[in-house]
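Take a look at the structure set out below.
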Amino acid sequence: MSTNGNGNGRETNLTPPPGVKLPIYMDNHATTPLDPRVLEAMMPYLTTEFGNAASRNHQFGWVAEEGVERARDQVAKLIGATAKEIIFTSGATESDNLAIKGVAEMYREKGNHIITAVTEHKAVLDTCKRLEKYGFRVTYLPVQKDGLIDLEDLKRAIDDKTILVTIMAANNEIGVLQPIREIGKICRERGVLFHTDAVQAVGKIPVDVNKDNIDIASISGHKIYGPKGVGALYVRRKNPRVQLAAQIDGGGHERGMRSGTLNVPGIVGLGAACEIAMKDMPEETKKLQGLRDRLKDKIMNNLDEVYINGSWEHRLPHNLNISFAYVEGESLLMGINDIAVSSGSACTSATLEPSYVLKALGTGDDLAHSSIRFGIGRFNTEAEVDYVGDRVVETVKRLRELSPLYEMAKEGIDLKSVVWSAE
Amino acid sequence: MAYSDKVLDHYTNPRNVGSLDKNSTDVGTGLVGAPECGDVMKLQIKVNPETQVIEEAKFKTFGCGSAIASSSLATEWVKGRTVEEALAIKNTDIVKELSLPPVKIHCSVLAEDAIRAAIGDWKKKNGAAKPAETPVEAKAGD
């Protein structure tokens with residue numbers, strides 16, 4: 001996705017309400033700011049408590065290890081796991097790689113078939129593609145118009161060579177929630193391991209590895225107001241016991257599954273972020289959903305021909321992904337450049353291909369080019385949401401005045417019937 | 001990505017936005033690009049039948065900031081030129097003027113195509129021997 005917020009120029013008649021500081025950050029699926037409470041928890045480990053958690057024979061090492069083990073507990077609690085089931089990594093991309101490659105290598109004799117979905121994050125898709133080069137067979141399940149996979153497709157795809165199903169809990173672009181509990185149930189019945197990239201879901205909606213029948217789950221620090229460069233992988237210890245082949249060899253850290261000196265301050269930060277998320281979730285969900293709906297209403301009540309991408313019902317509370325017909329996404333970002341959001345438009349990518357997630361929903365390329373993703377976060381306010389809504393409406397109206405497509409549509413021309421020169 | 005000041009200027013204050021009567025004999029209309037590729041430009045010119053000078057130019061563009069800037073600049077440049085002089089405008093001139101990065105060169109190509117298409121349409125209406133020779137190729141997003 002292309003992102004905004006470069007601070008270039010500014011063209012609007014609107015002034016931000018008092019207390020609203022520009023630019024406004026509303027791209028919380030990309031990353032989140034560090035919560036000050038998280039920073040506070042980390043500070044000692046960035047300064048005086050610098051020990052190596054693997055140093056067994058002095059105070060410095062013990063203090064570091066204590067910090068790490070507390071964090072392991074905090075992460076485990078948030079997802080209903082036990083501390084021993086948490087492996088710390090450098091982030092969710094590493095977690096996804098370790099989960100998928102680790103299972104593939106460990107269960108190679110049992111089978112060589114992996115099932116995933118077309119709307120997964122690249123960390124999953126590209127990992128699967130690499131495994132295909134090594135002789136694995138991968139099924140990429142399609143999604144329905146609302147972005148959800150069809151459970152019947154999944155059932156049909158599982159065969160006696162299937163060793164892993166990897167389906168994300170919540171999509172990073174459209175915020176759509178897959179039915180992971182049902183997916184996990186099917187996997188369990190068929191004796192197949194279930195990994196979920198839960199990066200966008202954990203800390204935002206309740207995820208429980210037991211109720212949701214999850215065997216392996218990827219978690220990221222910086223998506224939940226923790227630091228960048230740290231993540232975790234939940235690996236089930238019983239019913240069934242999951243074994244992973246390590247992908248990084250070395251000193252045998254993390255029960256041999258992930259060698260490398262532990263990122264103690266990062267891990268402590270991830271732990272603190274998880275604890276805060278757990279404590280604040282009920283209230284925070286309500287607040288974010290309220291702000292998200294307020295933004296949606298403001299936009300939809302003031303503009304025609306705007307379309308929500310993906311299921312509205314099965315969606316993260318803080319996600320809004322909308323296409324503004326007849327307006328190209330990047331030019332819209334440019335017009336609202338005091339607001340940091342993302343677009344599924346292709347315009348800044350070298351491939352000139354719009355979002356593969358939106359294409360997978362059957363959204364036409366034209367509407368995919370016109371999409372904007374809003375990710376509302378813990379620190380956004382109602383005043384910010386109102387300003388963002390007004391700016392979007394103002395800019396879409398201006399760009400539609402500039403759009404030959406809008407003009408043609410208003411003249412009653414069916415754009416689908418036009419023979420375009422560049423097809 | 002950071003935009004050049006000239007792109008920002010054209011995006012913020014686009015020149016010659018609007019439409020001319022496409023049924024008028026003096027008006028040539030070029031419509032190039034495709035919504036699926038994320039760029040559509042409509043460029044119109046009004047030509048003085050005596051002098052062949054382009055007296056008016058208007059555009060509307062669906063596309064990124066660079067596409068809007070390229071077409072806005074194109075209308076500025078064709079105005080006051082004769083039809084033949086306007087045909088000499090090259091996409092590379094637009095790239096240079098707007099400092100477009102490589103990933104945005106297709107925007108300038110589309111603007112050149114729009115000029116040629118508008119002139120071609122005008123020539124066809126006015127019984128020229130043949131329309132503008134350059135076929136509009138699929139450059140916008142392939």
Side-chain angles (χ1 to χ4, degrees), chain A residues 2-4 6-12 324-335 337 343-355 359 363-371 395 398-411 413 415-416 418-423, chain B residues 1-5 7-14 16-19 22 29-44 58-69 71-72 101-107 109-110 113-114 116-117 120 135-142:
Chain A
S2 63
T3 49
N4 199 9
N6 54 35
N8 272 341
R10 194 164 167 270
E11 53 291 320
T12 175
F324 300 87
Y326 319 118
V327 172
E328 195 278 324
E330 192 198 332
S331 67
L332 178 51
L333 291 192
M334 206 169 155
N337 64 359
S343 168
S345 157
C347 253
T348 52
S349 77
T351 59
L352 297 178
E353 278 296 316
S355 156
K359 286 180 77 159
T363 307
D365 278 9
D366 49 343
L367 281 175
H369 281 292
S370 303
S371 73
T395 307
R398 181 174 95 84
L399 290 173
R400 280 183 174 171
E401 285 306 305
L402 219 67
S403 170
L405 303 180
Y406 191 63
E407 182 182 66
M408 290 163 85
K410 292 289 141 190
E411 282 170 11
I413 297 169
L415 295 177
K416 298 259 180 282
V418 176
V419 181
W420 300 99
S421 64
E423 283 185 84
Chain B
M1 144 192 328
Y3 302 96
S4 72
D5 289 345
V7 169
L8 275 177
D9 179 38
H10 278 280
Y11 171 81
T12 312
N13 305 298
N16 308 308
V17 175
S19 299
K22 60 176 181 266
T29 302
L31 182 69
V32 297
E36 291 76 15
C37 304
D39 292 296
V40 176
M41 287 181 189
K42 186 188 78 168
L43 192 144
Q44 293 181 300
K58 295 277 183 200
F59 87 97
K60 282 199 175 190
T61 289
F62 162 84
C64 65
S66 301
I68 291 171
S71 38
S72 168
V103 68
K104 296 296 186 187
I105 287 174
H106 71 279
C107 298
V109 173
L110 207 57
D113 289 346
R116 288 172 179 271
V136 175
E137 289 166 15
K139 287 168 184 164
D142 52 356

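First the proteins, then the strands, lettered A, B, ... as listed; each starts at 1.
In terms of non-hydrogen atom pairs under 4.5 Å with chain A, the most contact-rich of B:I68, B:D9, B:T61 is B:T61.
Residue A:M334 comes nearest to B:V7 through the heavy atom pair CE-CG1, 3.9 Å, listed as atom of the first residue, atom of the second, then distance. A:H369 approaches B:E36 most closely through the heavy-atom pair NE2-O, 2.9 Å. What you find for A:E328 and B:G38 is that their closest heavy atoms are CG-O, 3.4 Å.
Between the OG atom of B:S71 and the CG atom of A:L402 there is a distance of 7.5 Å, given to the nearest 0.5 Å. A distance of 4.5 Å separates OH in B:Y11 from CZ in A:R398, rounded to the nearest 0.5 Å.
The shortest distance between side-chain heavy atoms of A:M408 and B:K42 does not fall below 4.5 Å. A heavy-atom distance below 4.5 Å is not found between the side chains of B:F62 and A:L399.
At a 4.5 Å heavy-atom cutoff, the contact between B:V40 and chain A is made by backbone and side-chain atoms alike.
When the shell of 6.0 Å around NZ of A:K410 is examined, it contains more than 12 heavy atoms from other residues, nucleotides or ligands.
Not a single salt bridge (Lys or Arg N to Asp or Glu O under 4.0 Å) links B:K58 to another residue, sequence neighbours left out. With sequence neighbours left out, the ring pair (Phe, Tyr, Trp, His ring centres under 6.0 Å) criterion links A:Y326 to A:Y406.
Screening A:V418, A:L405, A:D365 for a side-chain contact (heavy atoms from CB on, under 4.5 Å) with B:P35, the sole residue that qualifies is A:L405.
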